[in-house]
Amino acid sequence: MLIWKVPADCPHVPQMPCFPERTPMRNQKFLNKQTTLLAIICISKASPAGMTHVFVYGTLKRGQPNHKVLLGGTHGRAAFQGWGRTAEPYPLVIAGEHNIPHLLNVPGQGHRVVGEIYAVDEQMLRFLDEFEGCPDMYQRTPLPIAVLEWEGTRGAPRETPAADRTVQCFVYSTATFPPEWLHLPYHDNYDSQGQHGLRYNPRENR
């Protein structure tokens with residue numbers, strides 16, 4: 001068995017969603033009819049060794065209701081790297097009875113959404129998959145994120161990303177949503193206490 005680690009944006013690898021795995025391998029693909037198996041593991045080429053970049057745009061951001069789950073190391077390691085925004089526009093809506101922010105997987109519609117980039121370890125990635133209800137509520141997919149400001153230094157890539165350079169990050173977006181959500185107001189920088197008046201209802205209050 002051959003296991004190759006390749007950048008998620010490698011031109012030789014088809015761009016396909018990376019759903020949460022229960023084993024270390026994902027996106028398995030048979031090369032031929034024999035027993036040789038290639039396991040393609042999507043990683044961000046700019047992330048520190050053993051870490052993966054994740055872009056958060058909603059309640060996991062600093063100052064937002066669920067940011068605490070990224071702190072303290074209880075669920076794994078998450079190191080803040082900088083700020084970015086999606087390379088393409090996407091609809092970011094606040095929906096449902098608990099006013100949850102959802103990034104709808106409809107590229108080209110909405111705004112270029114602003115958020116934060118973190119380098120996370122495998123334990124944190126598994127926790128986030130469960131926390132975000134992936135793959136039912138959200139799907140974890142790799143997207144190019146344009147860097148606005150970079151702070152990450154530990155385990156930095158050979159060249160620290162400059163403003164407007166893109167890095168490949170996992171993003172929890174959703175392709176399974178009611179059609180009427182596309183008609184909700186679109187946001188570009190989520191704040192639970194923003195002028196929209198749709199304050200997020202924390203899990204502990206439900």
Side-chain angles (χ1 to χ4, degrees), residues 5-18 40-64 66-71 75-93 101-125 127-129 131-132 134 138-174 186-192 194:
K5 288 189 176 183
V6 298
D9 57 352
C10 175
H12 303 295
V13 178
Q15 290 299 305
M16 42 191 166
C18 292
I40 299 174
I41 304 178
C42 292
I43 60 173
S44 171
K45 66 181 179 181
S47 58
M51 307 284 275
T52 302
H53 280 149
V54 173
F55 175 77
V56 302
Y57 57 84
T59 63
L60 290 172
K61 294 193 303 182
R62 291 174 170 179
Q64 300 304 313
N66 289 323
H67 179 67
K68 58 184 178 289
V69 304
L70 298 179
L71 307 176
H75 307 296
R77 181 184 168 201
F80 177 77
Q81 300 291 287
W83 294 268
R85 62 182 176 185
T86 57
E88 290 187 83
Y90 284 89
L92 172 58
V93 302
H102 296 266
L103 189 74
L104 309 184
N105 197 349
V106 185
Q109 189 167 334
H111 304 290
R112 295 181 65 190
V113 176
V114 174
E116 298 171 353
I117 301 168
Y118 289 83
V120 305
D121 63 11
E122 187 65 26
Q123 180 185 351
M124 177 61 77
L125 194 62
F127 168 79
L128 290 175
D129 283 345
F131 186 82
E132 299 288 10
C134 182
Y138 294 93
Q139 295 82 49
R140 169 162 55 88
T141 55
L143 292 179
I145 301 298
V147 174
L148 296 176
E149 186 174 343
W150 192 259
E151 284 192 0
T153 55
R154 180 186 298 180
R158 297 172 189 163
E159 183 181 346
T160 300
D164 291 330
R165 180 174 173 184
T166 61
V167 294
Q168 197 82 354
C169 299
F170 280 129
V171 181
Y172 291 92
S173 61
T174 181
Y186 298 160
H187 305 271
D188 63 352
N189 194 354
Y190 174 79
D191 183 354
S192 176

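Nothing fancy with the numbering, it's 1 onward along the sequence.
- In this structure, H53 and W150 have perpendicular ring planes: the angle between them is above 60°, well past the 30° mark.
- The shortest non-hydrogen separation linking E132 to Y138 is O-CD1, 2.9 Å.
- In plain terms, the two heavy atoms of Q81 and A119 that are nearest each other are CG-N, 3.6 Å.
- Summarising the geometry, atom CZ belonging to R85 is positioned 4.0 Å from atom CZ belonging to R112; distances are rounded to the nearest 0.5 Å.
- With values rounded to the nearest 0.5 angstrom, E116 atom CD is found 5.0 Å from F80 atom CZ.
- The side-chain contact (heavy atoms from CB on, under 4.5 Å) test with R77 singles out one residue from Q123, M51, M124, and that residue is M51.
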message: The test is side chain to side chain contact (heavy atoms under 4.5 Å, CB included); show your working for T59 and Y190 and say whether it passes.
response: CA-CA 8 Å; T59 63; Y190 174 79; 3.9 Å; yes
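- With H67 contributing its side chain and L60 its backbone, the two residues share a donor-acceptor pair below 3.5 Å.
- The minimum heavy-atom distance between H187 and V113, with the atom names listed, is O-CG2, 4.0 Å.
- Each of L103, V56, D129 was compared with Y172 under the side-chain contact (heavy atoms from CB on, under 4.5 Å) criterion, and only D129 meets it.
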task: Take I145 and T166 through the test side chain to side chain contact (heavy atoms under 4.5 Å, CB included) and record every step on the way to the result.
output: CA-CA 5 Å; I145 301 298; T166 61; over 6 Å; no
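- The nearest pair of heavy atoms linking E88 to P107 is OE1-CB, 3.9 Å.
- Counting heavy atoms from C-beta on, the side chains of T86 and F55 come closer than 4.5 Å.
- Taking the six-membered ring where the residue is Trp, H111 and Y186 present perpendicular rings, their angle passing 60° and hence far from 30°.
- Atom CZ in F131 sits 8.0 Å away from atom NE2 in H75 (nearest 0.5 Å).
- Under the ring-ring contact (aromatic ring centres under 6.0 Å, His included) criterion, Y57 pairs with no residue, sequence neighbours left out.
- A side-chain donor-acceptor contact under 3.5 Å links Q64 to the backbone of S192.
- Shown here are the side-chain contact (heavy atoms from CB on, under 4.5 Å) partners of L143, two or more places apart in sequence or in another chain: Y90, T141, V171.
- In terms of heavy atoms, I117 sits closest to C169 at CG2-SG, 4.0 Å.
- Of all heavy-atom pairs spanning Q168 and P142, the tightest one is NE2-CB, 3.7 Å.
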query: side chain to side chain contact (heavy atoms under 4.5 Å, CB included) between L92 and N189: does it pass, once the steps are laid out?
result: CA-CA 9 Å; L92 172 58; N189 194 354; over 6 Å; no
